[in-house]
Amino acid sequence: MDDLLREFVTETNESLDVVDVELVRFEQEPNNAKILDNVFRLVHTIKGTCGFIGLPRLEALAHAAETLMGKFRDGLPATSDAVTLILATIDRIKAILDSLEHDQREPEGNDEELIIELQRMVERIVPPAAQQTVGTLAPQTLERPLRPGEVSLDDLERAFRETAVEAPAKSATAAPADAGAQDDDGGKAASQSIRVTVDTLEQLMTMVSELVLTRNQLLEIVRSHEDSEFKTPLQRLSNVTAELQEGVMKTRMQPIGNAWQKLPRIVRDLSNELGKQIDLEMQGADTELDRQVLDQIKDPLTHMVRNSADHGLETPQERRAAGKPDRGRIRLSAYHEGGHIVIKIADDGRGLDTERIKAKAIAQGLATEDEVEKLSEAQIHKFIFVPGFSTAAKITSVSGRGVGMDVVRNNIDEIGGAIDVKSVAGAGLNFTIKIPLTLAIVAALIVESGGERFAIPQLSVVELVRARAGGEHRVEKLKDTTVLRLRDKLLPLAHLGHLLGAEDAGVENGFVVVTQVGSQTFGIVVDSVFHTEEIVVKPLSSKLRHIAMFSGNTILGDGSVIMIIDPNGVARAFGSTVTSQMAAGDAEIKHVADEEQTTSLLVFRAGSSEPKAVPLALITRLEEIDARKIELSNGRHMVQYRGQLMPLVSLSDRVRVKDEGAQPLLVFSDGSRSMALVVDEIVDIVEDRLDIQVTGDNPGVLGSAVVKGQATEIIDVGHFLPLAFEDWFRRKEQTASRRPRSVLLIDDSPFFRNMLAPVLQAAGYEVTAAASAQEALALLHEGRAFDVAVTDIEMPEMDGFGFAEAVRGDPRTADLPVIALSSVVSAEAIERGRRVGFYDYVAKFDRQGLIAALKEQADVTRAA
Amino acid sequence: MSTENTQQSLKEYVTATIGGQLFGLPILRVQDVFSPERLTRVPLAPAEIAGVLNLRGRIVTLIDMRRRLGLERREDRAPPMAIGVELGAESYGLLIDSVGEVLKLDEGAREPNPINLDPRLARVCVGIYRLEGQLLMVVDVDRVLDIGDKAIAA
């Protein structure tokens with residue numbers, strides 16, 4: 001009897017969840033007979049089973065609800081009141097089921113009032129529904145007659161009575177997604193799916209994990225024996241294990257819709273309670289993910305939807321006043337991307353209140369007023385994720401009155417996910433959550449550092465680079481910072497040993513694991529790399545969980561335990577070393593701040609104690625040469641460098657080229673030519689917002705900016721290049737077309753204008769710079785002709801998109817090709833760029849890319 | 001549930017020597033005794049944590065009891081032993097010098113910690129038995145495993 005009861009409770013609960021969802025849907029689509037049929041059938045089953053098991057309270061309730069629904073079935077309108085009443089009944093049934101589960105029997109109590117109300121509701125809507133009036137209600141009774149194959153209620157009842165014990169199994173197949181569609185083959189579906197307890201699945205998973213470990217162990221043994229007869233059967237075992245693993249993983253996969261199931265009901269209740277009209281749209285409900293992950297995000301998702309309904313969306317009056325439709329919208333969507341699932345929650349409400357967040361951040365001492373003023377809106381919004389920012393202590397399905405986003409983020413962090421927020425005042429709030437599909441078994445790269453092995457999840461590994469002294473890829477060291485020049489980009493490096501607190505670790509020889517986390521790419525230096533292995537992730541002991549560098553541990557094929565590196569933790573470690581002391585103690589905020597428009601700057605000293613800086617992206621290489629190798633020729637300092645003479649240029653008269661010891665140089669190359677700036681000392685590489693506040697009068701200095709809290713001179717590289725080769729900017733003209741092509745360069749930042757102009761001139765273009773889109777349009781309207789325009793995207797007032805649209809909209813300029821420059825190149829932006837007619841889209845620091853784009857464009861025009 | 005409810009209320013302890021001192025752990029908390037092999041050190045971990053190892057497919061976190069009790073590092077090279085205990089669903093091993101016999105002791109004979117006991121010992125011990133020739137300190141396993149954020153600062 002116990003088993004029967006337990007099964008009944010589980011199934012009934014599931015059925016009720018479906019009823020919840022379906023009823024809300026039915027209220028919105030009263031003509032959809034399929035939904036009603038489904039609801040009716042489920043309630044009917046519950047009623048029948050209750051009678052069979054002997055649960056009079058439940059039976060009476062279900063019966064009364066069924067009677068009312070029967071009236072809907074007969075074509076009577078499903079009023080909101082009636083639906084509310086049925087939902088209340090279902091809540092009561094759920095409450096009774098809960099105590100049934102605990103005490104194995106129905107609780108004492110009386111449902112008289114509810115039943116009477118249900119009956120009254122039936123009577124209230126029954127009287128006009130005499131036989132003659134059915135016709136007048138015809139629109140409600142569409143699709144009413146039984147369709148072929150559909151079972152009449154009487155038959156259903158009879159079937160139910162005859163096979164009472166099996167009945168629940170049938171209802172179990174009522175999948176929420178297409179519950180209506182299975183009327184005809186319900187029986188078939190039942191025989192194709194069986195119910196397995198979660199425990200059984202978990203156990204199966206554990207055993208598969210053990211099997212994977214054992215397989216790894218065997219592979220390890222065979223690896224050391226070259227010619228082994230075990231090789232072939234082991235290969236087979238390995239494949240079968242992999243398939244088995246995949247199969248078991250599949251059984252753990254559940255559609256994310258399961259986590260969303262309760263939402264329509266919640267939103268409906270909230271909208272009634274708050275007097276708001278809310279549409280809940282759900283896309284991608286069948287996107288599957290591991291149940292462990294699903295469990296973890298269920299509450300956060302519910303919480304966020306509640307928040308949107310409660311705080312985000314305005315009342316109809318407010319919406320009308322703001323010129324929006326009365327009905328607010330919350331849209332949930334989910335899709336797969338790589339090994340991740342991306343979930344978006346968007347509403348079209350009022351968005352976050354930036355001022356209030358600011359005030360609260362200051363009140364809580366997370367940032368000072370000055371600091372807050374410097375932050376962008378997006379950065380301020382991120383404060384909602386800071387622990388303790390909101391007052392809500394924890395998330396439960398009933399709480400959620402506060403903001404509580406820190407708790408949401410915590411839950412998501414725990415499963416190795418990431419959350420981001422975008423809010424536009426008055427237009428809505430948009431959360432994006434990215435989480436791994438599964439946590440149980442992942443492919444990982446096994447590496448060694450300081451004599452110990454570690455696993456780095458393959459998902460975040462981009463590539464492996466062998467770094468060797470004097471080799472193609474060289475690790476360069478700048479005091480405390482190490483970088484790797486990789487295909488024209490300087491990649492910040494961290495030695496795994498350093499990150500893990502080892503005293504000394506050589507970086508010259510080793511492997512660089514190029515890792516990507518979000519938009520951050522960096523290299524993790526390790527001593528050696530072994531192989532990739534499918535590892536079974538085991539949670540860290542609670543005593544070790546605070547270590548941000550590890551996300552878990554695992555048992556390797558040889559039986560030893562190793563730690564799994566958490567790339568998020570490593571990324572955060574970078575954040576804290578490269579940014580200034582804003583919001584001390586909260587690495588995350590710093591990390592977030594990094595993503596906002598920061599530039600890697602090389603800070604050095606030359607001629608004076610004040611720091612100077614130049615964007616790292618402009619520098620080809622950092623060198624330290626023996627001062628004795630510097631030669632004086634024709635009154636100029638030269639050094640033999642890679643088989644060529646490289647001229648050295650001093651930053652100012654005060655910089656002395658050293659006579660002995662090591663001379664630090666910043667090498668700039670263009671094509672085959674190189675020149676070097678002589679500096680006294682390379683200080684650091686910092687990641688900071690580049691905001692030139694005071695422009696300089698001195699040639700060679702663009703101006704001053706605050707870098708890492710210190711006033712720093714930003715060097716104009718363009719000034720020094722011709723000092724080395726007078727023809728630096730001219731020599732390419734011969735390769736370009738006879739008439740230099742003219743480029744209109746638009747960028748609001750004087751720094752980029754000054755940086756790009758020389759680059760373009762060097763490539764043989766005639767450059768006219770404009771500080772804003774308006775200025776550029778004015779030039780065009782004056783009748784100035786240009787071959788091509790290069791514009792920044794992010795500009796105040798009119799942005800690059802607006803500029804392109806304006807150019808296209810004017811017949812005089814419609815033919816002007818526009819190339820966009822941006823530090824953020826998202827697929828969305830590219831698509832938008834295509835719409836407004838950008839010829840090409842180039843990353844802001846990608847000089848080669850820009851020149852290539854210009855050249856390609858020129859070729860196209862010439863060909864045309 | 002078979003709690004010793006004789007007149008004497010006897011309790012069984014697994015005894016262990018750490019730095020020459022005899023300690024007793026309630027036998028009900030002890031899962032097993034094993035000699036740790038293939039220990040993996042965990043960088044950045046609290047000093048008390050000696051590392052993690054694989055014990056029959058489970059990952060066990062080893063606590064260095066000498067560190068935990070603020071005792072000297074071990075001089076001799078004798079192989080250490082570990083007493084396996086559980087906390088919630090997690091397995092821990094307490095690293096000790098050597099394991100002794102199981103003693104049945106009368107609950108009533110237990111004396112409170114002397115007030116001048118070293119605070120590091122007082123932190124994890126919940127009383128003392130006077131045995132023939134030596135003292136046995138009763139270790140509270142939960143307190144031993146209470147390596148919280150305070151310890152991490154080190």
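Quick caveat: nothing in here was measured; it's all calculated off a predicted structure. In the text below, chain A, chain B and the rest are named by the order of the sequence lines, each starting its count at 1.
- Contacts between A/Thr214 and chain B at a heavy-atom distance below 4.5 Å are absent for every atom of the residue.
- Taking the ring-ring contact (aromatic ring centres under 6.0 Å, His included) definition, one finds that B/Tyr92 meets it with nothing, sequence neighbours left out.
- More than 12 heavy atoms of other residues, nucleotides or ligands sit less than 6.0 Å from atom CD of B/Gln134.
- Listed for the A/Glu533 side chain is no donor-acceptor partner under 3.5 Å among the backbone atoms of A/Ala455.
- For B/Leu39, no part sits under 4.5 Å from any heavy atom of chain A, backbone or side chain.
- With a 4.5 angstrom heavy-atom cutoff, A/Ile547 touches chain B only via side-chain atoms.
- When the candidates B/Ile59, B/Ile63, B/Val52 are compared by the number of heavy-atom contacts under 4.5 Å with chain A, B/Ile59 comes out ahead.
- B/Tyr13 pairs by the ring-ring contact (aromatic ring centres under 6.0 Å, His included) definition with B/Tyr129, not counting sequence neighbours.
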